[in-house]
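Notes follow the structure.
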Amino acid sequence: MSRIGLTPPDWLVRNLQPQHSPVNRAAVARASIAMSLPLAIGLAVDQPEYGALASMGALSGVIGDTADAYRMRILNIAIPQLFGAVGITLGSLVYGHGWTAVVAVTCVALVSGMISTIGAVASVSGLLLLLNSVVGAGLPMPGDWWLAPLLMTGGGLLVLLLALLAWPLRSGVPERTAVAATYRTVADLMAACGHAEYDEARHAVTQSLNQSYDLVLARRARHHGRSPELTRLLAQLNAITPVVEAAPAAHLSGEPLAPEIPETVRHLARAVETGYTGPIGLSLPVPVSETARAVDHALRHAAEVVAVPDVDPRGIDDRLGRPAALGVRAARAARNVALSAASWRYGLRLALCIGTAQALVSIIPVPRSYWVALTITFVLKPDFGSVFSRALLRALGTVAGLVVAAAVLSQVPRGGWDVLVMLLLAPLIPALTPRGYGYQTAAITPVILLLSDVLNHQGTALLMPRLLDSLMGCGIALVAGYLLWPESWHTRVGDRLADAVADTARYVESAFGSAPDPAARARMRRRLYRDLSVIRTEFQRALTEPPPTGRRAAAWWPLVVAVERIVDATTAARVRVRHGAARPSAAEVEQVVLQLRELADGLRKVDVLYAVRTDLTGPAGSVLEPLRQEVAAARAVAQPA
């Protein structure tokens with residue numbers, strides 16, 4: 001008997017598959033304390049509703065408590081709390097005002113959606129602005145108008161206070177740990193050279209470099225290069241880059257590297273992590289080829305930089321460009337949001353969904369109707385992945401969370417027991433969030449229901465309205481925020497790849513033609529690898545969409561990998577030339593650049609891949625031969641049957 005009909009589709013399996021990420025034990029402890037302490041204080045002073053509001057504010061702080069560096073924690077938690085305070089105030093002012101409240105919340109949704117496109121901190125800020133305005137417009141707040149924003153902001157700042165307790169003792173440790181982790185991923189990359197695991201290791205290195213540069217440069221923008229520790233960390237990051245560049249050449253040689261090489265990189269990682277600056281003994285094999293000389297030279301240079309106690313900041317270039325001052329970046333972001341078609345488009349999508357939800361629940365009596373808009377806000381986020389996937393996972397996570405909430409609300413007496421339950425449930429939020437959105441929803445749902453019960457004392461009567469509202473919100477988001485916008489389910493995936501291919505053509509010209517200065521070329525390469533990493537992530541998200549979007553993304557996936565290999569082959573050729581190989585002629589370079597530009601132009605014109613025959617020939621033994629093979633392979637990618 002065939003079982004084909006019982007096999008779930010690939011896109012559904014990808015959606016339900018949990019992600020494997022380490023649990024942040026410190027964040028788990030902070031969540032437990034920050035969300036239960038306000039509740040305990042509220043019960044102690046016989047004002048449990050005040051404690052519940054502060055715990056709701058702490059919940060938003062827990063959701064934003066994702067940064068490693070202490071200065072970034074201030075931005076990730078404090079700034080969104082200010083927007084949340086504005087949101088709860090605006091919502092409270094229009095509570096009970098009928099269609100005025102509908103219009104006001106819809107306008108807030110437009111602004112929230114537009115600012116959410118700026119970046120990670122702005123996205124969370126926009127989220128809290130809209131969430132709290134919806135709550136304020138849907139629930140009567142206790143006390144004077146200023147009390148609710150004060151309590152909720154205080155709860156969020158309690159999370160920040162707990163997150164900063166160790167700052168005096170561990171200042172700079174997260175950045176140093178991140179740089180050491182990058183060195184370890186590079187060690188894994190060198191060990192994977194010549195093996196099938198190379199591509200996966202290369203992607204891990206790119207992600208680790210992105211994270212480390214973001215952490216170090218985010219702090220260095222504040223210090224303007226005056227911090228010796230941060231200058232040294234940036235120098236160490238720059239020093240590992242030549243090792244990363246040498247890896248493609250070593251991999252293309254087809255021979256695994258000597259085990260002493262990855263072990264040397266791990267030795268350097270330990271020195272970075274501990275801050276060691278003494279002499280570093282190296283035990284490296286004698287190089288016998290251009291590739292071996294490149295690896296040897298890069299490792300010895302990295303060891304010299306790691307061992308130097310003081311680094312002159314004037315000699316350090318930022319491989320992503322030095323960040324501008326905060327005021328300049330804020331003004332630039334505001335200008336981009338106001339003039340960006342993408343930000344207006346997303347703002348209008350979110351406003352349409354929220355306006356539809358608010359109008360619907362104004363016409364049809366729905367208990368606790370603000371949950372409909374809350375669901376839409378969580379589902380329809382531009383940087384949180386596929387809307388379809390999030391709607392599906394939201395529904396499944398809500399059902400799972402309701403099972404836990406039903407047990408708590410039916411079996412646990414109200415009062416002091418609520419604090420104990422919160423101590424147990426709150427840590428599940430940071431523990432399960434890295435595993436996926438469905439898991440996060442399952443963890444948040446019983447917490448929100450418990451706090452809601454403290455405010456309105458409805459008990460298990462909250463459960464079915466919560467399920468109904470979540471399903472309504474998911475339905476509105478799918479129709480008004482997904483199906484009505486063809487860009488959501490019919491994305492021209494070739495446009496993003498085409499830009500990357502065009503940038504790759506410029507990188508090839510830079511590597512072998514009349515190149516800019518080495519620092520500019522390094523920034524070009526670093527940005528290109530970062531862009532390819534973002535494209536890879538976006539395509540992986542697209543694979544979770546149902547047909548035809550998921551199937552189309554799967555068809556384009558081999559080309560994503562092919563473009564990454566083209567960049568690797570270019571870097572490998574450049575490394576070989578720098579260490580003794582013959583430089584390719586201008587005609588060879590121009591031939592490859594022409595093929596890449598033709599490929600980029602073709603990708604912008606089609607939605608379906610088709611094979612393109614190309615004859616790339618050149619002198620035997622040229623350093624560009626592997627690059628020509630990769631370009632030919634990319635152009636020969638055909639649409640799967």
Side-chain angles (χ1 to χ4, degrees), residues 80 83 87 102-131 133-134 329-360 372-392 394 437 473-500 531 534-535 537-542 544-546 548-550 552-553 556 603-605 607:
F83 279 84
V102 174
V103 174
V105 174
T106 302
C107 292
V108 171
L110 174 64
V111 175
S112 170
M114 294 182 68
I115 66 176
S116 293
T117 61
I118 296 175
V121 175
S123 178
V124 178
S125 300
L127 174 70
L128 290 188
L129 173 67
L130 181 55
L131 283 179
S133 66
V134 169
R329 282 182 286 166
R332 185 185 303 157
R335 183 175 62 254
N336 292 340
V337 165
L339 301 178
S340 169
S343 67
W344 278 97
R345 193 160 51 243
Y346 173 69
L348 290 173
R349 284 174 63 187
L350 185 57
L352 173 63
C353 291
I354 295 295
T356 301
Q358 293 293 91
L360 181 64
V372 180
L374 291 182
T375 297
I376 292 172
T377 304
F378 275 113
V379 170
L380 203 66
K381 288 294 293 175
D383 54 340
F384 284 0
S386 161
V387 172
F388 180 89
S389 300
R390 287 177 64 80
L392 172 66
R394 177 81 180 181
Y437 179 62
C474 290
I476 292 173
L478 283 175
V479 175
Y482 180 76
L483 295 177
L484 295 183
W485 301 81
E487 65 184 37
S488 302
W489 46 273
H490 195 261
T491 305
R492 289 182 60 87
V493 290
D495 290 343
R496 297 167 185 167
L497 259 183
D499 292 340
D531 291 344
V534 172
I535 290 173
T537 300
E538 290 177 348
F539 269 80
Q540 287 173 334
R541 287 176 176 175
T544 63
E545 297 272 12
T549 303
R552 185 178 297 115
W556 285 73
L603 293 178
R604 290 191 175 95
K605 299 175 183 177
D607 277 328

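Please read all numbers here as calculations on a predicted model, not as lab measurements.
When all heavy atoms are compared, the tightest approach of A373 to V134 is CB-CG1, 3.6 Å. Nearest heavy-atom pair across A351 and A109 is CA-CB, 3.8 Å. The two atoms that bring G126 and S116 nearest to each other are CA-OG, 3.9 Å, heavy atoms only. Here the closest non-hydrogen pair linking V372 and A357 is CG1-CB, 3.7 Å.
Checking V124, I115, L130, L131 one by one against F83, the side-chain contact (heavy atoms from CB on, under 4.5 Å) holds for a single residue, I115.
Two residues are said to be in side-chain contact when any heavy atoms from C-beta on lie closer than 4.5 Å; L129 and V108 meet this criterion. Counting heavy atoms from C-beta on, the side chains of F378 and L127 come closer than 4.5 Å. Counting heavy atoms from C-beta outward, I476 and T375 have side chains that stay 4.5 Å or more apart.
To the nearest 0.5 angstrom, R349 atom CZ is 10.0 Å from L484 atom CG. Separating the CG atom in D499 from the CD1 atom in I535 is a distance of 7.5 Å, to the nearest 0.5 Å. Here the SG atom belonging to C353 is positioned 11.0 Å from the CG atom belonging to L348, to the nearest 0.5 angstrom. In this structure, CD1 in I354 is found 12.5 Å from SG in C107, a value given to the nearest 0.5 Å. From Y482, atom OH reaches atom OG of S389 across 7.5 Å, with rounding to the nearest 0.5 Å.
Legend: residues meeting side-chain contact (heavy atoms from CB on, under 4.5 Å) with L352, ordered by chain and number and at least two apart, are T356, A480, W485. Partners of A104 by side-chain contact (heavy atoms from CB on, under 4.5 Å), not counting sequence neighbours, listed by chain and number: V94.
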Exercise for the section: Verify side-chain contact (heavy atoms from CB on, under 4.5 Å) between L110 and L350, making sure each step is shown before the conclusion. Expected result: CA-CA 6 Å; L110 174 64; L350 185 57; over 6 Å; no
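One N or O on the side chain of S125 and one on the backbone of V121 form a donor-acceptor pair closer than 3.5 Å. No donor-acceptor pair under 3.5 Å is formed between the side chain of S343 and the backbone N or O of M114.
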